[in-house]
Amino acid sequence: MSILFVNACMRADSRTLRLAKAVLSQDDAQDVEEIRIGTKSCDALTERSIVSYNCGVASGNYEDALFSPAKQFAQAEEVLIAAPLWNYGIPARLHDYLEIVCSQGITFDVDEQGRYVSLCHAKRLTFVTTMGGPYPSAENDHAFGYIRTLATAFWHIPLVRCVYAESLDMVGMDVEPALKAALDRSEG
Ligand SMILES: Cc1cc2nc3c(=O)[nH]c(=O)nc-3n(C[C@H](O)[C@H](O)[C@H](O)COP(=O)(O)O)c2cc1C
């Protein structure tokens, strides 16, 4: 099975990255394709690039390199996105990436009744995250809450899960057992 690993971990010794790699090693992944959001300059939608984006979507011509991440995402059999919780949400670079991935005509479309139709192949999406404090309440969860909305509303991915370790920056927190517990929960 091929897995698209969207690595939005920024720190060199990222705990989120360690957890994500452990989750990946649990899976029977023959083929992991990694995209590193922190180093790759993924085009954000700006005053300039929105023109190419809208032209491509309106004409159905997706040759512009801007659309490459969306094409790659649509083909993945499984997706794993790893990112730390930043300010109750995801790092801005990951948001830029997801904005491009949400290209109408590549990862989803709209039918004549106005319903979203998925053009993605993925059967499962896993979001791996860690955070310094406790996991946010549902109304404040702008990280997994946002990704789950995209995955279900646009891409109709049947299995969407979050593997997380919380409170890692709290005084006295023993990080290694917390990461191990997160991994064990993901197996259950
Ligand atoms: C810019 C920034 C924003 C953060 N925002 C939050 C937050 O909203 N809630 C939280 O619990 N922790 C927050 N943290 C702490 C990180 O989520 C936590 O340290 C996480 O484990 C970092 O993951 P990493 O080790 O993979 O870098 C923030 C850290 C940074 C650098």
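The chain is numbered in sequence order, starting from 1. For clarity, every value in this text was computed on a predicted model and none was experimentally measured. Counting starts at 1 for both ligands and their atoms, in listed order.
If you number the atoms of ligand 1 from 1 as listed, the ones under 4.0 Å from a heavy atom of P84 come out as 22 (C), 23 (O). Close contacts between ligand 1 and S14 involve ligand atoms 24 (P), 25 (O), 26 (O) [criterion: under 4.0 Å to a heavy atom].
Between the CG atom of L85 and the OG1 atom of T16 there is a distance of 9.0 Å, given to the nearest 0.5 Å. We find the CG-CZ distance between D109 and R115 to be 12.5 Å, quoted to the nearest 0.5 Å. W155 CH2 to Y116 OH: the interatomic distance, rounded to the nearest 0.5 Å, is 12.5 Å. Rounded to the nearest 0.5 Å, atoms CZ (F108) and NE2 (H156) are 10.0 Å apart. The CG atom of L183 lies 14.5 Å from the NZ atom of K21; values are rounded to the nearest 0.5 Å.
The protein non-hydrogen atom at the shortest distance from atom 20 (C) of ligand 1 is T130 OG1, 3.3 Å. The nearest heavy-atom contact from the protein to atom 2 (C) of ligand 1 is W86 CD1, 3.4 Å. Y88 N, 2.9 Å is the protein heavy atom nearest to atom 8 (O) of ligand 1. Of the protein's heavy atoms, L85 O, 3.5 Å lies nearest to atom 14 (N) of ligand 1. The protein heavy atom nearest to atom 11 (O) of ligand 1 is G133 N, 2.7 Å. In this structure, the protein non-hydrogen atom closest to atom 5 (N) of ligand 1 is N87 N, 2.8 Å. Among protein heavy atoms, atom 12 (N) of ligand 1 sits closest to G132 N, 3.1 Å.
Counting heavy atoms only, D169 comes closest to atom 19 (O) of ligand 1 of the residues L179, D169, T16.
With a 4.0 Å cut-off on non-hydrogen atoms, C9 does not touch ligand 1 at all. Contact annotation for R11 and ligand 1: only side-chain heavy atoms (C-beta onward) come within less than 4.0 Å of the ligand.
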Exercise. So D141 and Y135, side-chain hydrogen bond (donor to acceptor under 3.5 Å, both in side chains) or not? Walk me through it.
Worked result: CA-CA 8 Å; D141 176 9; Y135 194 98; 2.9 Å; yes
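Ring pair Y146/H95 is parallel by interplanar angle, where below 30° counts as parallel and above 60° as perpendicular.
The pair D169-R15 counts as a salt bridge, with a side-chain nitrogen and a carboxylate oxygen less than 4.0 angstrom apart.
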